[in-house]
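For reference, the structure is listed below as structure tokens.
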Amino acid sequence: MSDRIREKLNILADAAKYDVSCSSSGGTRKNDNKGLGNSHVSGICHTYTEDGRCVSLLKILLTNHCIYDCLFCVSRKSNDIKRAAFTVDEVVDLTMNFYRRNYIEGLFLSSGIFKNADFTMERLLLVVKKLRLEQNYNGYIHLKTIPGASDELIKEAGLYADRMSINLEMPTEAGLKLLAPEKNHADVIKPLDFVQKQITQFSADKKLIKHIPKFVPAGQSTQMVIGATPESDKDIMYTANAFYRNFSLKRVYYSGYVPISNDSRMPVLGTQPPLLRENRLYQTDWLMRFYGFKVQEILNDANPNLDVDIDPKLSWAIRNMQHFPVDINQADYRMILRIPGIGVMSAQKIVQARKFGKLRIDQLKKIGIAYNKAKHFIICADSPYQLKDYQGTQIKAFILAESKSKYLKTDNNQMLLF
Amino acid sequence: MIYIFDGSLPGLLTAVFEWFERKPGKVVLKSIEMFQPEAFAESFTVITDAAKADRVWTGLQKKLTKASLRKFYCSYLSEIPEAYNHLFQFSVYIFKHAAGADSNYGNEHVMALAKYAKSVEREKHRMEAFIRFQKTGDGLFYASIDPDFNVLPIISSHFKNRYADQQWVIYDLKRKYGLHYNLETVSEITIGFAEGINKQKPAPGLMDENEALYATLWKDYFKSANIVARKNTKLHVQHVPKRYWKYLTEKIDV
């Protein structure tokens, strides 16, 4: 018995790992029936795999049998791999026992499509209902919406799940058509839109009636595979931006493509996943969500791709030197957020601290800003008087000269002529 | 002038009271453990007084936001010798200024408390993440820890709320006390471990019959979830520093 369950877990965890969503934040569920588990407001990462990714949820597929043949997916029909399927009880038992030992924050349940969408969705629903209703389980549940499943099933699942997600897979329709001819973005948009409307409806009702059940309290997310098809960073981020806006998504995940197939339409096996590019996309995502940047400011027709050697915030700053230097003791909070080397926490501290007197360099350093980067863009109480007005490109060279990218294996200190 | 206190929170608060009563000018606060007589500095031993401590604590509650009060308490739990002096100076600074001074991050003591609190909160969060319970034969879930800071007082409610339907013990091996939840309340306990017993991993005979199976399944899961092509040891160790590996079921080889 234990050997079989070990084998299933290995197969179905391995097949689920390319879904990068791991967050367990945003839930509001309380343990008020003296059962097991609750939501932690910021989520908890219980461990990290050797590739440095957080493990928060028990992320598994119910089965890796699938009727689709999407080229980018390891569970595609034509792939010659071992197949397995959990029973409902096995998933419930694993979740409860892992949770009780504080291994996990909750369950992330996805599935290959077997028979049809509704049959698959029904099975997923059985698992979450059993956890919530029979086991008094209040821990986090992230459930995949199965494209094509009926509205009734999706709506019922939303009553038990904390987050639901459905993957765009490729940033553009053309890219998706190339690798998964049977799929299209419309199949993703329909359920995203349906769930979003339900969330809005439930929260409107909640204002009138107190005891309304929760409906997907941690919201929805989606994922795009990066680097399998030839989209530009602009294509990717404009799509992400549209989905954030239209469906109030909590997160868009960018998953650097890890080659798993030798098909000529995709990067060949053994190609390194585009980790640096993935990182730059996430930085851009953060600038959009927490730093008040519009995506058009960072990516546009003149700059369709993100800089590789510097981060997108610095990149924006040196293209827009007319906004700098910013006076730390005068400027608006929104402008302070835009200074390279200053994050949200530091910006908040600066705005509070300057009420008590003009801030000096040593205080800014103690507050925790990256002073060596920020110094090119700020004035404070004791800034040295600067005779020369440096160009953006010169500042970039200064910063690059004194920093070393973790992504560059060897130094490429090229001589600068200007 | 050096003020010496007994290392307790009421002791620290009493010291603040005594300073305002005497106004002796510049003072450095040290705990008795850390105190070494200096030839040219006078010293004064603070006698902990609950009533005086209460008055100072009530005063701090009035002048500080809830978040700042939490930072104050967390800094105390850091048990770092210099933190005691910062807490003392911070209190004096707060009482001398109008309410709101706790957001002056340009002040070195306000900033110092923010840093200590950050470290302690991080350790608290790590404990919430890295504690691994083992189920014993009588159904109790047991975990031992030796955190950098004294975080048991601030992790108690998290575990009580979350694991409301199972009995559990979290034991701090470094500070030699623990928490026990009996399905109703959490209480402080000390365990007299028998000589030679493995405090971290009790003998298999004492454990639930399925404990080994779930530990194995968890290790399997941990391996399967890894993407080899993305290997990034530096990032891995940054998130899970090696000193925590001894807690983690998935990092301990059988």
Side-chain angles (χ1 to χ4, degrees), chain A residues 2 5-6 9-14 16-18 30-31 34-38 40 42 44-55 58-60 94 97-98 100-105 136 138-139 256 258-259 270 272-273 275 349-350 352-357 359-360 363 366-368 406, chain B residues 97 100-101 103-108 110-112 114-115 118 125 128-135 141 143 158-159 161-166 168 183 210-218 220-240 248-251:
Chain A
S2 72
I5 188 86
R6 282 185 72 183
L9 181 61
N10 285 337
I11 293 171
L12 295 168
D14 186 84
K17 70 186 174 191
Y18 298 99
K30 289 198 173 71
N31 188 3
K34 220 165 179 187
L36 176 70
N38 56 4
H40 186 279
S42 62
I44 299 176
C45 299
H46 283 270
T47 189
Y48 292 81
T49 46
E50 280 166 16
D51 52 24
R53 296 184 311 149
C54 130
V55 179
L58 169 63
K59 194 188 296 173
I60 46 175
L94 273 176
N97 276 289
F98 279 11
R100 287 195 182 285
R101 287 165 177 78
N102 206 39
Y103 294 166
I104 55 169
E105 208 44 30
N136 282 333
N138 302 308
V258 181
Q272 268 298 304
L275 299 184
K349 285 202 176 87
I350 287 170
Q352 289 187 310
R354 68 185 183 186
K355 291 180 197 151
F356 298 87
L359 295 174
R360 302 179 308 268
Q363 290 172 309
K366 274 197 181 140
I367 281 173
K406 58 191 169 187
Chain B
H97 290 82
S103 63
N104 180 10
Y105 291 99
N107 178 289
E108 61 167 320
V110 176
M111 201 56 228
K115 291 230 162 98
K118 193 176 167 193
H125 193 77
E128 289 171 356
F130 295 156
I131 276 176
R132 296 285 181 265
F133 285 118
Q134 302 167 67
K135 191 179 183 185
F141 286 79
H158 169 80
F159 284 95
N161 293 335
R162 173 162 291 196
Y163 297 105
D165 70 343
Q166 65 189 44
W168 50 260
L183 300 180
N210 282 323
E211 181 54 34
L213 170 66
Y214 287 113
T216 308
L217 285 169
W218 174 241
D220 287 349
Y221 175 73
F222 181 70
K223 278 195 208 101
S224 301
N226 182 37
I227 298 178
V228 179
R230 297 177 61 110
K231 186 175 166 66
N232 189 343
T233 309
K234 200 179 149 195
L235 188 61
H236 172 64
V237 175
Q238 187 184 319
H239 284 308
V240 194
L248 300 175
T249 315
E250 64 273 20
K251 297 300 281 183

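Below, chain A is the first sequence line, B the second, and so on; all start at residue 1. Computed from a prediction, not measured in an experiment: that's the story for all the values here. Because only heavy atoms are used, hydrogens play no part in the values below, and waters and symmetry mates are left out as well, while side chains stay in.
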Quick check on the interface: out of [options], who has the most heavy-atom pairs with chain B under 4.5 Å?
options                             : result
A/Arg53, A/Lys366, A/Lys17          : A/Lys17
A/Val55, A/Asn136, A/Leu36, A/Ile11 : A/Leu36
A/Lys30, A/Lys59, A/Arg354          : A/Lys59
A/Arg360, A/Glu105, A/Gln272        : A/Glu105
A/Ala13, A/Pro273, A/Gly35, A/Cys45 : A/Gly35

Quick check for you: among [options], which has the greatest number of heavy-atom pairs under 4.5 Å with chain A?
options                                : value
B/Glu128, B/Met111, B/Glu211, B/His239 : B/His239
B/Val240, B/Leu183, B/Leu217           : B/Leu217
B/Thr216, B/Ile227, B/Ile131           : B/Ile227
B/Asn107, B/Asn161, B/Val110           : B/Asn161
B/Ala215, B/Ala143, B/Gly106           : B/Gly106
B/His236, B/Lys223, B/Arg162           : B/Arg162

[X] and [Y]: which non-hydrogen atoms are nearest, and at how many Å?
X        : Y        : value
A/Asp51  : B/Ala225 : OD2-O, 4.4 Å
A/Ser2   : B/Leu213 : CB-CD1, 3.5 Å
A/Lys349 : B/Ala114 : CE-CB, 4.4 Å
A/Gly52  : B/Leu235 : O-CD2, 3.6 Å

Supply the atom-to-atom distance [X] [atom1] to [Y] [atom2], rounded to the nearest 0.5 angstrom.
X        : Y        : atom1 : atom2 : value
B/Phe130 : A/Thr47  : CZ    : OG1   : 6.5 Å
B/Tyr214 : A/Tyr103 : OH    : OH    : 10.5 Å
A/Tyr48  : B/Lys251 : OH    : NZ    : 13.5 Å
B/Tyr221 : A/Asn10  : OH    : CG    : 11.5 Å

(message) Assess the residue pair B/Ser224 and A/Asp14 against the criterion (side-chain hydrogen bond (donor to acceptor under 3.5 Å, both in side chains)); give the C-alpha distance rounded to whole Å, side-chain angles, the decisive distance to 0.1 Å, and a yes or no.
(response) CA-CA 5 Å; B/Ser224 301; A/Asp14 186 84; 5.6 Å; no
(request) Go through the atoms of B/Gln134 and report whether side chain, backbone, both or neither lie under 4.5 Å from a heavy atom of chain A. (result) neither
(message) Quick check on B/Phe141 against chain A: is it the side chain, the backbone, both or neither that has a heavy atom closer than 4.5 Å?
(response) side chain
Beyond-backbone contact of [X] with [Y], side-chain heavy atoms, under 4.5 angstrom:
X        : Y        : answer
A/Arg101 : B/Trp218 : no
B/Tyr105 : A/Gln352 : yes
B/Ser103 : A/Lys355 : no
B/Arg132 : A/His46  : yes
B/Asp165 : A/Lys34  : no

(message) Quick one, A/Asn102 with B/Tyr163, criterion side-chain hydrogen bond (donor to acceptor under 3.5 Å, both in side chains). Give me CA distance, side-chain angles, the key distance, then yes/no.
(response) CA-CA 9 Å; A/Asn102 206 39; B/Tyr163 297 105; 2.8 Å; yes
(message) Need one label for A/Phe98: side chain, backbone, both or neither, based on atoms under 4.5 Å from any heavy atom in chain B.
(response) side chain
(message) So for A/Ile350, is it side chain, backbone, both, or neither that comes closer than 4.5 Å to the heavy atoms of chain B?
(response) neither
(message) Quick check on B/Lys118: does its NZ atom have over 12 non-hydrogen neighbours (other residues, nucleotides or ligands) under 6.0 Å away?
(response) no
